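Quick notes on the structure that follows.
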Amino acid sequence: MPANQITDKPKLRIGLIGTGFMGKAHVFGFTSAPKVFELPYDLELHTVADVTVETATRAARELGFAHWTTDWRDLVKNPEIDLISITAPNALHKEMSLAAIAAGKHVYCEKPLAPLATDALEMTLAAEKAGVKTQVGFNYLCNPMLRLARDMIAGGELGEIRGYRGLHAEDYMADPNGPWTFRHDPAGGGALADIGSHALATAEFLLGPITEVMGDCLTLIPSRPDGKGGTRRVEVDDVGRAFVRFASGAQGSVEGNWIATGRKMQHDFEVYGTKGALAFSQERFSELHFYATDDAPGRRGFRRIEAAPDHAPYGRFCVAPGHQLGFNDLKAIEVEGYIRAIAGEAPEPFNFRAGLRIQTLVETIQRSSAARAWLSIPA
């Protein structure tokens with residue numbers, strides 16, 4: 001190889017739609033993953049799309065894209081682009097994804113996948129028919145501590161699972177004077193869909209499929225400023241809760257709450273078994289707490305397991321235990337898995353069909369709340 005040639009790997013050219021917080025998170029993933037992992041492609045930040053010339057040019061300059069546009073359709077039409085990364089508002093995911101799939105692009109879409117399960121199904125079937133690889137942004141599942149928890153549960157270290165509590169609570173909607181946003185749109189909005197979806201994904205990641213739900217969805221701030229001097233009615237939930245039953249026989253509860261005053265990232269779970277228990281908080285997500293009933297009397301209590309190189313792929317980021325990972329590191333892990341799937345080296349980590357599953361759970365909980373009845377999850 002010539003001295004000035006760094007790599008002979010094929011390029012995977014990326015187009016990004018949307019440049020807010022999650023757009024930046026995707027870029028962190030795309031730029032960090034090749035430095036941490038040996039990927040089968042060189043990733044190239046090709047074109048970024050945003051709604052104005054000012055925001056698009058600034059994003060290209062600050063995020064490192066070679067090109068910019070104010071029309072996302074330019075990305076879809078461009079034959080040089082291989083992968084479309086979508087971080088636009090939820091209601092736009094379907095149109096953008098279907099256009100990208102029709103053009104033969106791989107699609108990496110933030111959650112929730114689509115406003116409705118019927119939309120998510122259409123997107124899933126289109127992707128599967130086209131043979132493109134898809135990914136939905138559930139990067140919390142990439143945490144080595146969650147993988148450790150799942151292994152401990154599956155390995156019987158907790159014994160028979162008796163109970164589960166899952167929660168995703170934040171306070172970014174706690175102020176009643178906060179404006180009405182796209183997250184309040186009935187088409188895919190609400191706390192349950194926006195952040196409760198993470199709690200549902202984690203529950204099934206750890207314990208397997210949920211089969212029945214009893215929902216309770218509450219709107220506690222009925223109207224918000226519309227930005228034009230008036231107010232706009234809020235029709236989505238501020239808090240979405242559900243009792244859940246798993247196929248394994250375990251039972252528990254899940255909650256999504258965006259008006260939880262003081263909470264910034266309480267993506268937590270607790271698992272109770274006959275031989276032990278686990279407790280986890282996203283606010284300290286490099287720790288997992290484990291209680292074992294076979295500890296000697298007088299020595300029992302939750303012990304802290306700190307993330308370390310023993311918990312792959314932590315060692316890719318740091319050689320020493322206890323130094324901790326960050327949110328964007330989880331994005332890098334998510335991107336690594338997705339890029340390997342595109343190369344045919346591994347299954348898709350969390351594809352559109354998995355995203356469809358979460359939207360189906362959300363809608364069933366919402367219907368259960370309206371009906372005030374237990375409902376089975378559709379197959």
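Since we're looking at a predicted model, the values are computed, not measured. We count residues from 1, following the sequence as given.
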- Cut-off 3.5 Å, side chains only: do His26 and Thr87 have a donor facing an acceptor? no
- Message: Could you check whether Ser281 and Asp268, counting side-chain N and O atoms only, form a donor-acceptor pair closer than 3.5 Å?
- Response: yes
Where does the angle between the aromatic ring planes of [X] and [Y] fall among parallel (under 30°), tilted (30 to 60°) and perpendicular (over 60°)?
| X | Y | value |
| --- | --- | --- |
| Tyr140 | His168 | tilted |
| Phe138 | Phe350 | tilted |
| Trp258 | Tyr172 | perpendicular |

Between [X] and [Y] (salt bridge meaning N to carboxylate O under 4.0 Å), is one present in this structure?
| X | Y | value |
| --- | --- | --- |
| Asp194 | Lys111 | yes |
| Glu44 | Lys9 | no |
| Glu283 | Arg263 | yes |
| Arg316 | Glu336 | no |
| Arg284 | Glu306 | no |
| Arg73 | Asp71 | yes |

- Can you check ring pair (Phe, Tyr, Trp, His ring centres under 6.0 Å) on Phe205 and Phe269, steps first, answer last? CA-CA 12 Å; Phe205 179 82; Phe269 66 79; 9.4 Å; no
Testing the basics here: between [X] and [Y], what is the closest heavy-atom pair and its distance to 0.1 Å?
| X | Y | answer |
| --- | --- | --- |
| Ala117 | Thr360 | CB-OG1, 4.0 Å |
| Phe285 | Asn143 | O-ND2, 2.9 Å |
| Leu288 | Met152 | CD2-SD, 4.1 Å |

- Message: Can you list everything that forms a side chain to side chain contact (heavy atoms under 4.5 Å, CB included) with Glu160? Sequence neighbours excluded, please.
- Response: Thr274
- Are Leu146 and Tyr291 linked, directly or through other ILVMFWY residues, by side chains that come within less than 4.5 angstrom of each other? no
- Query: How about Val244 and Val213: do any of their side-chain heavy atoms sit closer than 4.5 Å?
  - Reply: yes
- Task: Answer whether the closest heavy-atom distance between the side chains of His184 and Arg232 falls below 4.5 Å.
- Result: no
- Any ring pair (Phe, Tyr, Trp, His ring centres under 6.0 Å) involving residues 50-82? Give me the pairs, sequence neighbours left out, ordered by first then second residue. His46-His67
- Query: Got a sec, which residues hit side chain to side chain donor-acceptor pair (under 3.5 Å) with Gln359, two or more places apart in sequence or on another chain?
  - Reply: Glu363
